[in-house]
Asks: 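Sending over a structure as structure tokens; questions will come in a sec.
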Amino acid sequence: MAVTYEKIKECKQSGARLGRLHTPHGTIDTPIFMPVGTQATVKAMTPEELKAIEAQIILSNTYHLYLRPGHKLIEKAGGLHKFMNWDRPILTDSGGFQVFSLGDLRKISEEGVDFRSHLDGSKHFISPEKAVEIQNALGSDIIMAFDECAPYPAERHYVKNSLQRTTRWAKRCKQAHQNPDRQALFGIIQGGMYKDLREQSAQEIIELDFPGYAVGGLSVGEPKPLMYEVLEYTTPLMPQDKPRYLMGVGTPDCLIEGVIRGVDMFDCVLPTRIARNGTAMTSIGKVVIKNAKYIEDFLPLDPNCGCYTCKNYSRAYLRHLYKAEEILSARLVTYHNLYFLIDLMKKIRTAILEDRLLDFRNSFFKQYGYEV
RNA sequence: GUGGCUGUAGUCAAGCGGUUAAGACACAGGAUUGUGGCUCCUGCAUUCGUGGGUUCAAUUCCCAUCAGCCACC
């Protein structure tokens, strides 16, 4: 098996899991946040910088790399790790979500998905087999099953059909997978916001026996309490000895609440995207660095942060860089935001170890400005 | 000094007699959750250089004045 999960302990206060994930490119501490590097790069960050902030694993994307530069080219380059100069673990998303968000550019059938490239309008077809073939060529440590992510809100019968198709596709993905000893294929549980459909999906997917499972179809626009509710009845259905991955989640409160509900892995574009749009996540809440009130603010972005950006630059300078559309703006704020979330996960792991995750949540929320 | 042209938001400007003075950029605020460095939403001129006149009605026409630009001396 390419990837194995080792549970270290459970938080007595919250039930959250502390563990380790062993992969071909190293061991990861969980719960973990995975920075997203869609196009074989975490935008604005070099691999050396990612290591400096202790990123242990990053995400990349099948759909985008297939379209550009092409998985064959990356295979020729010696695989994704070598191509992008990252020797730690990589997880690739299957492209299911991209297809879902492509809107009217795509048509889903039992066989797969016909779509037009968002880059040049060219026609393409991705099936479960194709998605696995691409990911096999990329050589990522963890590959994801090609699923269908239902929108929110969605009718019950639509979600049911979609989840059943996701199960059939998961089977095909497993069959198509060429090297389960070097790459772990994770299954994805769907079912929207319907409890019995989540149960059905979990049962069907888990029956196929994957080395890890993801909860998909959340964080698609539903209210947070609803997402927490779905998680609450979904994670208990998942095996204790396998990693659990909540796809697409990345606000500080959702990360903490997700861990409390038994999630081990998260990924999200939020920290890197909002960084490029002039917003930082800090210990005292969101700081919209582009706001005029920071014109003469010579304090660090986050006075409680020890990252390179906070140690060396002021809010006034960061605001100036943003307004002047300087590249360094994206670099410095991205650096900070990723540092902040990775550091948050470290604090979460320590809190689990010390059986005080609920206390940690309450104090963190209070300082951040969330309602407890 | 003489002749001509132009003055509308921070900037570039449309409107040239008739309801709440286009648009763009900038600026200000917001959004952003398995990433299109994309983008979206909202706000921003009680007033058209200034003063007077004509008219039911003036950013629009007339006069004066001020400012800028161009040409000639």
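If you're wondering where the values come from, they're calculated on a predicted model, not measured in any experiment.
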Asks: Both distances below 3.5 Å, Watson-Crick or wobble geometry, any strand: find the nucleotide opposite B:A24.
Replies: B:U11

Asks: Whole-Å distance between B:G34 P and A:Y152 OH?
Replies: 18 Å

Asks: Taking 4.0 Å as the cut-off, does a side-chain nitrogen or oxygen of A:N291 come that near to OP1 or OP2 on B:G29?
Replies: yes

Asks: Can you check whether A:K286 has a side-chain N or O nearer than 4.0 Å to OP1 or OP2 of B:G29?
Replies: no

Asks: Does A:K290 have a side-chain nitrogen or oxygen under 4.0 Å from the phosphate oxygens OP1 or OP2 of B:G30?
Replies: no

Asks: How far apart are the C-alpha atoms of A:M281 and A:I274, what are their side-chain angles, what is the distance that settles it, and do they pass the side-chain contact (heavy atoms from CB on, under 4.5 Å) test?
Replies: CA-CA 9 Å; A:M281 297 172 176; A:I274 66 175; 4.0 Å; yes

Asks: Over how many whole Å does the gap from A:F97 atom CZ to B:U32 atom C1' extend?
Replies: 12 Å

Asks: Who are the side chain to side chain donor-acceptor pair (under 3.5 Å) partners of A:R168, not counting sequence neighbours?
Replies: A:E110

Asks: Checking all strands, does A:D147 fall into the base, sugar-phosphate, or nothing category for heavy-atom contacts under 4.0 angstrom?
Replies: base

Asks: Using a cut-off of less than 4.0 Å, is there contact between a side-chain N or O of A:R276 and OP1 or OP2 of B:G36?
Replies: no

Asks: Please write out the pairs of protein N or O atoms and N or O atoms of nucleotides 9-11 of chain B separated by less than 3.5 Å, giving the distance to one decimal.
Replies:
none

Asks: Separation of A:N61 atom CG from B:G36 atom C1', in whole Å?
Replies: 11 Å

Asks: Counting side-chain heavy atoms from CB outward, which of B:G37, B:C38, B:C27 is closest to A:N277?
Replies: B:C38

